[in-house]
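Protein chains get the first letters and strands the later ones, always in sequence-line order, with residue 1 at the start of each.
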2 protein chains.
Amino acid sequence: MHDHAKGNRKGRAGRKANDVKADLIAVVVAVINRDPCVLTIGLEAVLPSGPFELAHRSLQSGVRVWVEQRTGQPLGYIEQLYTFADRDRIGADERAISISYLALTREEDATSSTRRCWGTWYDYFPWEDHRSGTPAMVGDVLRPRLFDWAHNAADSATRLERRRRAGVAFGFDDRAWNEELALQRYELLYEAGLVEEATRDHGSTALVSVPGRPMIADHRRILATGIARLRSKIKYRPVVFELMPPVFTLLQLQRTVEALAGRLINKPNFRRLVEQQELVEETGETSVETGGRPAKLYRFRHAVLDESIAAGTKLPLARG
Amino acid sequence: MHDHAKGNRKGRAGRKANDVKADLIAVVVAVINRDPCVLTIGLEAVLPSGPFELAHRSLQSGVRVWVEQRTGQPLGYIEQLYTFADRDRIGADERAISISYLALTREEDATSSTRRCWGTWYDYFPWEDHRSGTPAMVGDVLRPRLFDWAHNAADSATRLERRRRAGVAFGFDDRAWNEELALQRYELLYEAGLVEEATRDHGSTALVSVPGRPMIADHRRILATGIARLRSKIKYRPVVFELMPPVFTLLQLQRTVEALAGRLINKPNFRRLVEQQELVEETGETSVETGGRPAKLYRFRHAVLDESIAAGTKLPLARG
DNA sequence: ACCCCTTATAATCACATGGAATATAATCGG
DNA sequence: CCGATTATATTCCATGTGATTATAAGGGGT
């Protein structure tokens with residue numbers, strides 16, 4: 001019965017011509033000192049990755065193996081991001097597929113390791129951090145460069161469309177900033193030739209790139225995919241707690257969410273939402289390390305993992 | 001520079017041992033006569049699929065090629081669902097990866113074809129259609145069978161947990177029905193050994209299966225993934241219009257959404273939401289084929305595809 | 001001891017959202 | 001001309017959520 005399943009109808013036995021190499025690649029996230037950090041290896045900006053092998057029980061376990069082996073970082077929560085055929089190898093006789101994953105951990109969980117390197121993801125995407133208001137570079141650099149790009153379009157139709165896309169993505173023209181559009185923003189900058197990867201891939205238009213550290217190959221795009229997914233997911237699933245220590249104050253929890261979202265949250269509303277959803281329970285202890293009045297310590301109610309599959313764990317992200 | 005990218009460190013050149021076969025598999029959806037239908041080939045319940053080949057420009061174009069070649073159905077909207085390593089081939093020296101896609105079309109777009117076969121997806125998931133109230137089988141069959149399964153757990157902890165998971169997924173114990181949990185429901189039934197695929201895969205517990213047509217291999221699980229994704233997506237992206245004819249009445253639009261969601265929507269609220277989001281515009285014409293007062297005809301405002309990336313196109317799904 | 005600064009916790013207001021019910025309009029068939 | 005049927009418009013009300021203000025509890029300096 002299984003023999004028909006997904007079989008290649010024209011001669012499947014022994015046919016290897018179309019077989020591909022499958023790479024696993026991970027966006028490993030932790031929040032360190034109020035900064036959202038991503039795990040890279042070596043000195044260059046390289047995400048941990050490795051080939052999917054026969055020995056791996058599953059794709060997920062393959063990701064765990066590679067990341068732990070190369071960085072000493074054990075992974076907790078893992079979720080698949082996206083699968084794509086590598087652009088830069090198209091045309092060759094060998095073909096590769098990359099299967100990307102998002103992983104959430106805490107820095108302290110790591111064993112001693114050599115090549116591990118945590119860096120805030122706002123080094124790669126400086127325009128994404130709006131916790132202290134809209135970064136100056138958005139108005140000073142991105143806006144004029146993107147409007148130039150729109151203006152230089154061939155016909156007026158694409159001029160208008162580029163202008164609108166830029167406005168939606170970056171909140172120009174009195175539009176609201178939407179933190180979930182991290183991927184669209186990066187892809188727009190790539191399309192406009194304003195990031196190093198674009199000029200590197202095509203070689204053609206050698207414009208001066210916009211601020212923001214590039215990564216190897218298409219890793220920055222994969223990272224943007226992970227950021228966008230995480231920013232979307234924290235609004236309806238209690239995944240933040242994967243990034244928290246076992247015990248924490250509500251403000252620490254809020255700062256973590258703010259680090260990921262890149263924007264500030266209204267404090268009373270945040271508390272109300274967390275409490276009324278019964279996401280946490282008091283430990284009974286308090287923490288004096290906060291500076292002012294001692295803060296109650298909380299722990300995550302793991303029971304909600306069963307319940308909230310249905311519920312929808314929303315988080316109130318401020319508008320202005 | 002590209003040479004380092006995602007390279008297998010231990011000898012990548014010419015190493016083919018870990019190469020895999022990559023299959024593309026599609027969940028092609030259309031709504032026909034108020035029924036949500038999925039495209040299958042042949043007489044058996046088989047989703048269209050084919051191997052990813054060197055000739056394909058991208059994964060997406062590979063999906064288009066295979067579906068069109070095997071069913072004559074041109075695809076409009078396409079979106080990646082999930083990638084997984086086939087369970088049933090693990091252990092063999094050959095390994096396969098399946099990359100699944102969700103596609104939305106209209107039946108009329110098809111050219112004449114032989115093996116094409118549209119069937120309502122509620123044939124495969126009869127417990128998912130709540131448009132005429134909760135199906136009798138949920139209370140009469142699923143509930144007792146699932147509670148039996150929970151009761152037969154080894155320890156009391158898993159007994160409780162199984163019971164709660166069943167309650168959340170199917171809305172037992174005064175919980176609300178959540179149409180988006182289609183995948184969880186199928187996986188729960190699989191785990192409980194209540195669908196044919198479970199007994200087929202393991203051979204062990206030969207329980208009498210629950211109503212609902214099985215599919216080949218894990219195709220029913222892929223279909224459930226597609227249904228869940230679509231039911232979730234129609235709430236915040238205007239993808240319904242991919243399934244509509246160029247011109248339609250608001251009630252036709254509502255019936256389409258209801259078919260997908262498997263539940264009824266409050267009519268005035270639906271109209272209000274669609275109109276205030278400016279998703280559609282009047283054509284000026286009316287349709288008399290509706291029986292009563294002539295209905296205004298509308299067409300989709302394609303401009304919102306640029307705008308609503310940010311907006312969030314919600315749809316009001318009734319609670320009771 | 002007192003004041004002030006800081007942070008935590010609580011209570012309240014105002015508005016938008018969205019579910020539900022009701023009222024009115026237009027066509028068809030007897 | 002009447003009633004059945006469907007479309008369209010209006011209103012009501014509970015809830016959710018953003019925002020503001022008030023109160024509590026600690027530390028540190030004078």
Between atom CD in A:Q277 and atom P in D:dG16, what is the gap in whole Å?
11 Å

Does a nitrogen or oxygen in the side chain of A:R271 sit under 4.0 Å from OP1 or OP2 of C:dT9?
yes

Atom CG in B:L297, atom CZ in B:F248: separation rounded to 0.5 Å?
9.5 Å

A:R272 has an atom CZ; how far is it from atom P of C:dC13, in whole Å?
14 Å

Can you tell me how far P of D:dT6 sits from CG of B:L297, to the nearest Å?
17 Å

Measure from the side chain of A:P268, starting at C-beta and using heavy atoms only, and say which of C:dT27, C:dA11, D:dA9 lies closest.
C:dA11

Please say which of B:K235, B:R231, B:K233 ends up in a side-chain hydrogen bond (donor to acceptor under 3.5 Å, both in side chains) with B:E180.
B:K235

Gap between atoms CZ and C1', on A:R255 and C:dT7 respectively (whole Å)
10 Å

Counting the benzene-type ring for Trp, do A:F172 and A:F147 have ring centres under 6.0 Å apart?
yes

Using OP1 and OP2 only, check whether a side-chain N or O of B:K296 sits under 4.0 Å from D:dA7.
no

Length of the line joining B:N266:CG and C:dT17:P, which is rounded to integer Å
17 Å

Any Lys/Arg nitrogen of A:R263 or A:E128 sitting under 4.0 Å from an Asp/Glu carboxylate oxygen of the other?
no

Could you tell me how far apart B:L251 (CG) and D:dA7 (P) are, to the nearest whole angstrom?
5 Å

When rounded to whole Å, the NZ to C1' distance for the pair B:K267 and C:dT24 reads 14 Å

Of C:dG18, D:dT17, D:dA25, the nucleotide closest to the side chain of B:L273 is C:dG18

Using whole Å, report how far CG of B:N269 lies from P of C:dT22.
14 Å

